[in-house]
2 protein chains.
Amino acid sequence: MMETATRCQAYNVFSQACPTRMVLDRLADKWSLLIMDRLRDEPVRFNQLRRDVEGISQKVLSQTLKKLERDGLVTRQVFATVPVTVEYALTALGHTLSNTIESLAHWAEHNIDSVLAAQREYDAVNA
Amino acid sequence: MMETATRCQAYNVFSQACPTRMVLDRLADKWSLLIMDRLRDEPVRFNQLRRDVEGISQKVLSQTLKKLERDGLVTRQVFATVPVTVEYALTALGHTLSNTIESLAHWAEHNIDSVLAAQREYDAVNA
DNA sequence: GGCAGTGGTTTCCTTAAAGTAACTAAGTTA
DNA sequence: TAACTTAGTTACTTTAAGGAAACCACTGCC
């Protein structure tokens, strides 16, 4: 039986049944955060997204967008132009999450040098 | 040739060579964020961590802790007790990151219901 | 001597995520 | 008519992550 979000919070985030952990699991893939970050400032079309998020394949982009749409984080809007235009954008819910994602990105930008230094030091000691 | 963090920031986070993306990649596994969240308030011993973070195996816990230690986010301290005690704790760097992790966890706690509702609606439409 | 507890490592296997490439469809241009 | 664009899907393969179980060393306890 699934616990409610409230119960989960009252117990612990580390429980397997906790929905919070489900969300964390969902975002912890290779591309979701990157895509949401790209959508932060403006709606972006499929192929533009594919060009901007370097290295992602058509298949995985499509899959990931579908998941994000299913989770209510992203909208998909089709325009009957020729060729057809499909625009992806963050929902209101998606925008509330993107603030956190941005702070994660900021952390990475500001601390990447410390992380790389730590890695070098660790590797030197554990040669 | 590896770009510097500054160059990366000036260009874009979405580039494959960007170190920021390396950090995002590293954190986007199944357990890292969860472990760091558990270490947030106090140092925790190996087996305690294993019991608290439900579902993680001994091997994966050990691997993940090593990665976090290598990245300079977690320290490992051995006490010569019997049986031996090994305590894991966040570094100063790790603490700066844990604030962001906490906000991610908060987001999940507050919005899980919206996400689940969106999923139900999506599944109903795409039956 | 044998079991318990600590904190791991090693091996083997399964599974899920991701990559590659080819294919579709609709319409526009040359 | 053939090629190009958009936005995908499908089939197949590869890779990486994770899980299961057994093993190690150390020592105290009974």
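The structure presented is a predicted model; accordingly, all values stated were derived computationally and were not measured. The sequence lines fix the lettering, A, B, ..., with proteins before strands; numbering per chain opens at 1.
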Would you mind classifying the nucleic acid contact of Phe79(A) as base, sugar-phosphate or nothing, using non-hydrogen atoms under 4.0 angstrom?
nothing
Pick base, sugar-phosphate or nothing for Arg50(B), based on heavy-atom distances below 4.0 Å to the nucleic acid.
nothing
I want to confirm an ordering. Mapping Pro83(B) and Gln63(B) to their closest nucleotides on DNA chain C, which one lands closer to the 5' end?
Pro83(B)
5'-most contact on DNA chain C: Gly55(A) or Val82(A), nearest heavy atom basis?
Gly55(A)
Is the closest basic N to carboxylate O distance between Glu42(B) and Arg38(B) below 4.0 Å?
yes
Kindly say if Lys66(B) contacts the phosphate of dG8(C), meaning a side-chain N or O under 4.0 Å from OP1 or OP2.
no
Any side-chain N or O of Thr81(B) less than 4.0 Å from the OP1 or OP2 oxygen of dT6(C)?
no
Using whole Å, what does the distance between atom [atom2] of nucleotide [N] and atom [atom1] of [X] come to?
| X | N | atom1 | atom2 | result |
| --- | --- | --- | --- | --- |
| Asp29(A) | dT15(C) | CG | C1' | 16 Å |
| Ile56(A) | dA18(C) | CD1 | C1' | 10 Å |
| Glu87(B) | dT6(C) | CD | P | 14 Å |
| Gln48(B) | dG5(C) | CD | P | 14 Å |
| Phe46(B) | dG5(C) | CZ | C1' | 14 Å |
| Arg76(B) | dT6(C) | CZ | C1' | 12 Å |

Exactly one of Val44(A), Asp52(A), Leu68(A) should register a side chain to side chain contact (heavy atoms under 4.5 Å, CB included) with Ile35(A). Which one does?
Leu68(A)
Return the 5'-most residue of the pair Lys67(B), Gln58(B) with respect to DNA chain D, ranking by each residue's nearest nucleotide.
Lys67(B)
If we only count heavy atoms from C-beta on, is the Val74(B) to Lys66(B) side-chain gap below 4.5 Å?
no
Student check: side-chain heavy atoms of Val84(A) and Val78(A) closer than 4.5 Å
yes
ILVMFWY cluster, Met22(A) and Val53(B) together (side-chain gap under 4.5 Å)
yes
Residues Asp123(A), Gln119(A); criterion side chain to side chain donor-acceptor pair (under 3.5 Å); working and verdict
CA-CA 6 Å; Asp123(A) 292 344; Gln119(A) 290 179 354; over 6 Å; no
DNA chain D: first to last nucleotide in contact with chain A (atom under 4.0 angstrom from a heavy atom), 5' to 3', is dT5(D) to dA11(D)
Looking only at side-chain atoms of Val60(A), point me to the closest of dG7(C), dG19(C), dT9(C).
dG19(C)
Hey, are Arg51(A) and Gln48(A) close enough side-chain-wise for a donor-acceptor pair under 3.5 Å?
yes
Looking at Lys59(A) and dG19(C), is any side-chain donor or acceptor paired with a base atom of the opposite kind under 3.5 Å?
yes
